[in-house]
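We name chains A, B, ... by the order of the sequence lines, and we start the count at 1 in each one. In this text the structure is predicted, and so the values were computed from the model without any measurement.
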Number of protein chains: 2
Amino acid sequence: MAVKGDETRARLVGAARTLVEAKGYHGTGLNEVLALADAPRGSLYHHFPGGKDQLVGAAITAAGREVDDVVADLVAGTPTSKDLVLGLLDALADRMVAADFTKGCPVATVALEVAATNDDLQALCGGVYAGWQRALADALRVDGHGSAEADDLAATVLALVEGALVLARAGRSRVPVEQVGRRIARLLDA
Amino acid sequence: MAVKGDETRARLVGAARTLVEAKGYHGTGLNEVLALADAPRGSLYHHFPGGKDQLVGAAITAAGREVDDVVADLVAGTPTSKDLVLGLLDALADRMVAADFTKGCPVATVALEVAATNDDLQALCGGVYAGWQRALADALRVDGHGSAEADDLAATVLALVEGALVLARAGRSRVPVEQVGRRIARLLDA
DNA sequence: CAGAATATGTAGATCGGTCTAGAGAGGACT
DNA sequence: AGTCCTCTCTAGACCGATCTACATATTCTG
């Protein structure tokens, strides 16, 4: 594939990412993606012959990688569980506020929309979450937690972050993130 | 309003609730609502002259009341924070599993879809969450928590429940709820 | 009887997918 | 160097289906 095609494809994925994160899978029309990406319809089907699902799949995969990178940065500092949850909360909340609440968890809206209705995208979203949880659990084991306990704690960290972002976006306010951050820090210090 | 109209209106709201919870606001078409409710199009616009947004608004309001009732039942037993979070997790997870993952938090999907794009529905969803958080905080104050601490802990309880449901629906598995339940119980016992 | 409620058709807009033509780039060959 | 060929990629028109809202006529109910 040539450089020109790579750029067009990347613009399409980026546009799809932005739109599905703000409005979900069903709320994103391909005409909007094309307009935002400044790409022609023929290119979309050339690069994504599977159509909308394949494009959104690529967007979710890229979104998963973005959070993988955030987690990897946190993990590189051999963090405690408290470091992990507060670091993730801050990173994703900063991003959300900077994007005027059009962003939150880059996967959640699509994941909820397709959970019971689209097997392929559901499996993809489920896999992205499982990967994040696994990375968190690995870091927690390095921090001294036992194997089963690390899994439970990783799920708890991830659930807290996801839930705080839902509340924050629903209320267009960073306050829930701050409340959760304060409280969980105290719980994890005890 | 007559009994007949009340029943039709209720069927429309119930159908909308079911569909938006499974597939979101944009993923739910009015023709589907009409089919599920067994109601004619004229009745929809008669009862909801504001159209789709008004219907979905009524669905979200009803969904909020459903969780209000769950919380009220839990609160009636003068619960600890642990009782609250585990009780909510169980009630909503049982419902999710019984509905084959078409249900989770009855408001979350719509809340995320409209967070940055539909001021009226965003305000409504935000208000529903605020109401739940307030009810939890009030119960935690009865349980002996200080005022500011109760707010933070209520937000944390609600975020945990919301996040656990996101993970569970994304993975079509109750396991995340169980993991979160075990871990938070230990944290709150400490 | 009057207002509530039902019933169904229509309209313009948008949807995702398909199709065909053509442009551009690079390599092989003369 | 020029030509031809092949592959990649762009470009935009078109299609049938679906979308939400509106309109009008009719039926139902208290």
Indicate whether OP1 or OP2 belonging to dT6(C) is found under 4.0 Å from a side-chain N or O atom of His47(B).
yes
Contact state string [nucleotides 11-26 of chain C, B base, S sugar-phosphate only, - no protein heavy atom under 4.0 Å]:
----SBBB--------
Write down the distance between CZ (Arg9(A)) and C1' (dT10(D)), rounded to a whole number of angstrom.
16 Å
Side-chain polar contacts of residues 97-107 of chain B - donor-acceptor pairs under 3.5 angstrom, sequence neighbours left out - could you list them?
| from | atom 1 | to | atom 2 | distance (Å) |
| --- | --- | --- | --- | --- |
| Thr102(B) | OG1 | Ala99(B) | O | 2.7 |

Quick check with a 6.0 Å cut-off and a 45 degree axis cone: is Lys52(A) positioned over the face of Tyr25(A)'s six-membered ring?
yes
OP1 or OP2 of dA11(D) under 4.0 Å from side-chain N/O of Ser43(A)
no
Determine whether a donor-acceptor pair (N or O, by modelled atom type, separation under 3.5 Å) exists between the side chain of Trp132(A) and the backbone of Val67(A).
no
Expected output: side-chain Glu162(B) to main-chain Ala164(A) donor-acceptor under 3.5 Å:
no
Quick one: His46(B) NE2 to dT24(D) P, roughly how many Å, whole number?
18 Å
Note: Arg169(A) and Ala115(B) closest approach over all heavy atoms is O-CB, 3.5 Å
Separation of dT8(D) atom P from Glu7(A) atom CD, nearest Å, is 18 Å
Qualifying residue for side chain to side chain donor-acceptor pair (under 3.5 Å) with Asp152(A), from Arg186(B), Arg183(B), Arg182(B):
Arg182(B)
Length of the CG-P vector between Asp38(A) and dC9(D), whole Å
17 Å
